[in-house]
Structures are given as structure tokens and as C-alpha cells.
There are 2 protein chains.
Amino acid sequence: MESSTANGRPAQRPAIAEVLREGIRQGMLAPGQPLIQASIAEAMGVSRIPVREALHALAAEGLVTFGEDGGARVTALAPEEVDELWTLRALLESHMAPAIVRTATPVDVAALRELVVAMDDLDATTWSDRNFTFHQELHRLADMPHVADATGRVLTMIEPYSRVAVTVLQEQSEAQAEHHQMIDALAADDGDELARLLLHHSHRARKALLAYAAQREKPADRHAVATEAARSLADHLGA
Amino acid sequence: MESSTANGRPAQRPAIAEVLREGIRQGMLAPGQPLIQASIAEAMGVSRIPVREALHALAAEGLVTFGEDGGARVTALAPEEVDELWTLRALLESHMAPAIVRTATPVDVAALRELVVAMDDLDATTWSDRNFTFHQELHRLADMPHVADATGRVLTMIEPYSRVAVTVLQEQSEAQAEHHQMIDALAADDGDELARLLLHHSHRARKALLAYAAQREKPADRHAVATEAARSLADHLGA
DNA sequence: AGAGGATACAGTGTATACACTGGAATGCAA
DNA sequence: TTGCATTCCAGTGTATACACTGTATCCTCT
């Protein structure tokens, strides 16, 4: 009475989207970079078909954007969008805080504390990875799969932009200090405090990032590409 | 210097995902229903390839679930999941409220009021459609594209479950009354009141829906599928 | 008649092949 | 040298074809 199904081959499809997602999240695939189906297919040893499917899935997640000409690129976010997503992240995380405190067992808290302690002295890249894991694990405790999913998507989208800040600013040590406070609040069953910390965590990082971005993009603001090209041209002609 | 692209044929791809999404949202494709690639392809007059891409995109949106056997079905949500999503909706909508009030022009407000008035006496199906549009238009005013997108996804996911409530309960008239109040709050530039109304709107509807669902699912709660299968088997054997 | 195994079928995953497009390079004329 | 038309090519969208698997059917044997 019920229909059936089966697949044909190794079916490493999920792996393709996974690899691309990680590549984008970790910044190896830069925002705006074109994603050529044939190249990806060759690199992964598959045909274009499963690559296209992965690309469309990532597009639905917002990580990839299909230009009207059909070409896929890593989604590039405008500063206002990054700002919006940081605020959204703060909202979602603080929303989960009470549930996290409610359902976390001492074992969970111990595991998280261990994770945080292990992050205390790490280079920026590794720290960013662990930071992502830490927050994901935290969200998992809320027992709100859809909210956690949405939050994870937001985290993934803003991560390429956050990493820059971690590398350049003193962001890492401040964030670590706050992580320790979060664990303490969690151990003390203080949901309100955890929510407050998560809000502060996001908003402080967001402001630092925006300041950095503003400083970085000031000179390039309007005619950035044009002036850059003009300078290059002048040099070339002057020689 | 820059790469180029082009497509081959009519490229009605976006239409495919769109049609499926609408079909799911409007309940024409019921939760749990298998989505056979070949059938869809034939119905839409295309091959399976673009259908697969649409399916994967919808899966990334959460509207479609791929079973481990590979078969795609319309995602079926457990009551707790619907509950979680209603709460999330309330959070997101109330978050947007201040921004909506801030950026809405008198023209926007008039257009929304007209929309609401036109909804006053409609059959359940048409009203549900307009209701969806109304909320989407409201979100659009917040000038927060990503939050609005996320909210739209949530609305789409819960809509099949909400429609039942609208059909059965007196939900429609209560919701309409609240819609009018929202427009008034919007016209009065009262962001806090709008946020309060949106929260109340969602939470009341959510409770009504849950009560309805609980009543409806009481007998099938635990071993629903097993008992269903057993009954079917019994009928079949008894005949 | 009932249990056990071969076979057909439905359905999926993937690769290959073809059609089509827009920009880049090239060649030609002025 | 410059302006323009033509050709070439990179890249995409889609269809067809094939490989594979789980389930259901049917046939056989006891």
C-alpha cells in the first residue's frame, strides 16, 4: 500500500552541501566569489547534477545567491544586513536562554565548561571554530530544534564577517571572558542572567565589528573600484 | 575579466519551487504526503532534474523532508514543533513591531487598512490567503529583509496547521478584530502596542490551535501509526 | 492451502549529452 | 589606429539514459 524508494550510488550528496557550507562559513570561499558548477563537480569527483542540488539548497539557506544571469556566488552581505543578522542572533539566543537553563543537566554544564576552558588560549582560526561549536551546543540544550536551526543559519551567515573581527581586534579575549560568565550563570540556574549575557555578547561584538567595518570601508565607500582602477591605470601609463 | 553565464531554455525553475511551496502552504499537498519526482515532473511538463532542485531548496527551507530511503515528503510537524514555531513567530513579529511603526508611511497604513477591511467577510480559504499576505506586507515595512524572510518561512510552515483551526474555530473573527486594532496602533505610531497585539495575536491563536489539536489527536497519540496499521490489517484480514 | 524464493516494478541517484546565451577575442574595413 | 561585425568559448539549464535498491507480486514446492 505504501510506496517505496531506493538510491543508486554512494550518494555522497549531503557531503557536497556540507563541504560548501563549511567552506563559506570558514571564509575559504569568500563572499562574492563565483561558484562554478563544473569546477566544484570536478573537485569533488561528481557530476554537476548533485552540485546544482547542493547549490540550490544553500541558496535557500541564504549562503549562496543566484545572479539573474544564472551564476551562483557566495552571498555577499551589506553592512546593514550583517548588523540586522547580529541583532537577530541576539534576539534568538536570548529567547532560548531560559529553556537552556531549564533543561541543562550538570553533565551538560560540565561539558560546556570544559569546552570553554579548552578555548582559553587558541589562535584566532581555531578559536572561531570552537566558538561556533560552543554556541551550537548551547542552543541544542534549549530543546527548540527549529529556533536552534534558525539561529545556526544566522551564525553561519555572519561568521565570515565575524572572523575578520576576531583576527584583528581584541574580540577573542572579551568573548572568552563572557563565555566563562555564561557558564557560571548556567551553573547557577540563572536564566535571566544568561539571557542578559547573550544579549550583551552579541551587541558588543556587533558594535565592535561595525566600527571595524566602517573604518575599513570608509576610503573605499563610493567610487572605490573606480579610483583603485584609476590609480592602477595611472601607474601603468606613467611607467 | 569577469566570467559570464547564460541559461538554456525557458528556465521556469523558480516557478517549480513556487508552485510546490504554495501547494504545501495552502494545504493542497498534505503533511506527510510523498512527493514523487516523476509525477511532479510530468505534471509540470519538465524533467526530473529541475524538480529535484526545487525539492532540495524546499528541504533547506524545512517544507520538505527527505526520508533516509531518499523519498521526499511534505514535512509533517509534531504538535510540539508547531507550538515552537508559533512562539517563534510571536517573537519575530513583536521584534519587528517598533521598526514597522517607525518606517510606515500614511500611505502604507492606508493600504493595509484597506486590505484588512476587504478581509472582513470572506470564506475561510480566501481569508487565510489574505491573512498571509497581510502579515507579509506588515513585515515588509520593518525594512529587515532577513528577519522578514525568516518570519515568512515560519508562517509558511505553520500555515497548513493554522488553516484547519480557521475552518473549524471562530478564529477568523477574533483575528480580524485584532487586525483592526493593529492598524489603529500603527496609525497611532504606537510600536509597543503593536508589539503587544502581535504577541497576543500569535499566542491566542496558538493556544486555540493546540487545544483543537489535542482534542483531535487524543486517540491517536502514542501508537498512532501502529494502531492505524493494525486497524487496516484487521479490516483487510476480516474481509 | 501455506511458506519460501525468484522476478517485475517503482523510484531514486548520477552521469552524459545537447541546446542555448552573453561576453571576449579576433579579424576586417575605414 | 579606431569602429564594427563575426566567431569562439565559458558556463548554464534541461532532457535522456543508465545503475541501483527495496518492495510487491507471483510462482513453485511441500
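This structure is a prediction, so every number in the text was calculated from the model and none was measured. Proteins get letters first, then strands, A, B, ... in listed order; numbering begins at 1 in each. Atoms considered below: every heavy atom in the structure, side chains included; atoms not considered: hydrogens, waters and symmetry mates.
Look at B:Q37 and you won't find any side-chain N or O under 4.0 angstrom from OP1 or OP2 of C:dA10.
Taking atom NE2 of residue A:H56 and atom P of nucleotide D:dT12, one finds them 11 Å apart after rounding to whole Å. The distance between atom CD1 of A:I16 and atom P of C:dG13, rounded to the nearest whole Å, is 12 Å. A:R52 places its CZ atom 14 Å from the P atom of C:dT14, with the value rounded to the nearest Å. Nucleotide D:dG13 holds its P atom 9 Å from the CG atom of A:L55, rounded to whole Å. Computed from coordinates, the A:I36 CD1 to D:dC9 P distance equals 18 Å when rounded to whole Å. D:dC20 atom C1' lies 14 Å from atom CG of B:D69, rounded to whole Å. Rounding to whole angstrom units, CZ of residue A:F66 and P of C:dT21 are separated by 19 Å. Rounded to whole Å, atom P of C:dA15 lies 11 Å from atom CD1 of B:I49.
Side chains of B:D123 and B:T126: a donor on one and an acceptor on the other come within 3.5 Å.
Distance CG/B:L112 to CG/B:L138: 6.0 Å, rounded to 0.5 Å. In this structure, the separation between CZ on B:R52 and OG on B:S47 is 10.5 Å, given to the nearest 0.5 Å.
You won't find any donor-acceptor pair under 3.5 Å spanning the side chain of A:R48 and the base of D:dG11, going by distance alone.
Residues meeting the salt bridge (Lys or Arg N to Asp or Glu O under 4.0 Å) test with A:R163, sequence neighbours left out: A:D129, A:E159.
Looking at heavy-atom distances under 4.0 Å, B:L35 makes contact with sugar-phosphate atoms alone, never a base.
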